[in-house]
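The structure under discussion appears below in the form of structure tokens.
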Amino acid sequence: MSEHDDHVSEKREETLMEKIAEKFHGGDSSSDSDSEKKKKPAESSSPSSVKAKIYRLFGREKPVHQVFGGGKPADVFLWRNKKISAAVLGGATAVWVLFELLEYHLLTLICHIMILVLAVLFLWSNATTFINKSPPRIPEVQLSEEPFLQVAAALRFEINRALAVLRQIASGKELKKFLAVIAGLWLLSVLGSCCNFLTLFYITFVLLHTVPVLYEKYEDKIDAIAEKAMIEIKKQYAVLDEKVLSKIPRGPLKDKKNA
């Protein structure tokens, strides 16, 4: 009996040791799984951090379509509907050819269109009496006030924002913006001396219909080239600032603020 009891007790001790070992191994496996779970989010977050560091032209964070407002104008500029975009660009080209190449005048064009429309409607109304048909119903056209108010409000907002930017630049606080605006105005003056306002407007219109869609198609390559160009521009600006701009005497207002 004593030998049987000793054998039973030894089996119990072995089972207890096995259970303890299983608990330890299970804890290790759970800790390993926890560490793997912790590593997985870190690994998954690494691509997003890499994407966040990608350089975009002009610091763009939104897609090109949203930069242009995300509405119908953006669809036209980015050729979402090729028929509408081609029709708009073709109409602008026809207007430019009429006024610039054929030297047609706006007032003359409006008068000729009105003469043609009135003559057709007048002859059509009188011709119905001979063919025993009712005269055509001419629709009553009235322009609503809302679109004009929206356009005026948008122009007012943009003009006020431009005036605020010019005021900030004129205060002498941001040298980079000052140089950029001066360069832009000088470029516009050169373009204005080469062509008239209508041609300049048409060139801008064509660029709006070509540059954004090409940029959207090849944005990765263009952004990479722009990043290298910006690095080189910053280097050249640092050299200019060190050799020239830093030696320009400051105004009395800044001296008083520093004092």
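Keep in mind that the numbers below use all heavy atoms, side chains included, and drop hydrogens, waters and symmetry copies.
- Under the 4.5 Å side-chain heavy-atom criterion for ILVMFWY residues, no single connected hydrophobic cluster contains both Phe205 and Val211.
- The neighbour count for Glu103 CD, taken as heavy atoms of other residues, nucleotides or ligands under 6.0 Å away, does not exceed 12.
- Using a 4.5 Å cut-off between side-chain heavy atoms of Ile, Leu, Val, Met, Phe, Trp and Tyr, with links allowed through other members, Tyr202 and Leu102 fall into the same hydrophobic cluster.
- If you take OG1 on Thr93 and CG on Leu98, they are separated by 11.0 Å, rounding to the nearest 0.5 Å.
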Exercise for review: Apply the test side chain to side chain contact (heavy atoms under 4.5 Å, CB included) to residues His112 and Leu116: give CA-CA distance (whole Å), side-chain angles for both, the deciding distance (0.1 Å), then the verdict.
Suggested key: CA-CA 6 Å; His112 286 176; Leu116 180 63; over 6 Å; no

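- No donor-acceptor distance shorter than 3.5 angstrom exists from the side chain of Ser85 to the backbone of Lys82, with no hydrogens or angles considered.
- In terms of modelled atom types and a separation under 3.5 Å, the side chain of Ser193 and the main chain of Val190 share a donor-acceptor contact.
- Val213 is connected to Val206 through a chain of hydrophobic side-chain contacts under 4.5 Å among Ile, Leu, Val, Met, Phe, Trp and Tyr, so both are in one cluster.
- Side chains of Leu118 and Phe122 form no contact here, defined as non-hydrogen atoms less than 4.5 Å apart.
- Within 6.0 Å of the CD atom in Glu158, the count of heavy atoms belonging to other residues, nucleotides or ligands exceeds 12.
- Taken to the nearest 0.5 Å, the OG1 atom of Thr199 stands 6.5 Å off from the CD1 atom of Ile203.
- Rounded to the nearest 0.5 angstrom, Thr108 OG1 and Ile113 CD1 are separated by 11.0 Å.
- Clustering ILVMFWY residues whenever any of their side-chain heavy atoms sit less than 4.5 angstrom apart, transitively, puts Val95 in the very cluster that holds Met114.
- The structure places CD of Glu216 at 7.0 Å from CD of Glu219, a figure rounded to the nearest 0.5 Å.
- By the rule that hydrophobic residues join a cluster once side-chain heavy atoms approach within less than 4.5 Å of another member, Tyr237 and Phe178 end up as members of one cluster.
- Using a 4.5 Å heavy-atom threshold, the side chains of His65 and Asp75 count as touching.
- Aromatic ring centroids of Phe77 and His209 lie under 6.0 Å apart.
- Expressed to the nearest 0.5 Å, how far CD1 of Ile84 lies from CG of Leu89 amounts to 13.5 Å.
- One finds the CG atom of Leu207 at 10.5 Å from the CG atom of Leu214 (value rounded to the nearest 0.5 Å).
- The shortest distance between side-chain heavy atoms of Phe99 and Leu109 falls below 4.5 Å.
- When side chains are defined from C-beta on, Tyr104 does not count as touching Val97, because their heavy atoms never get closer than 4.5 Å.
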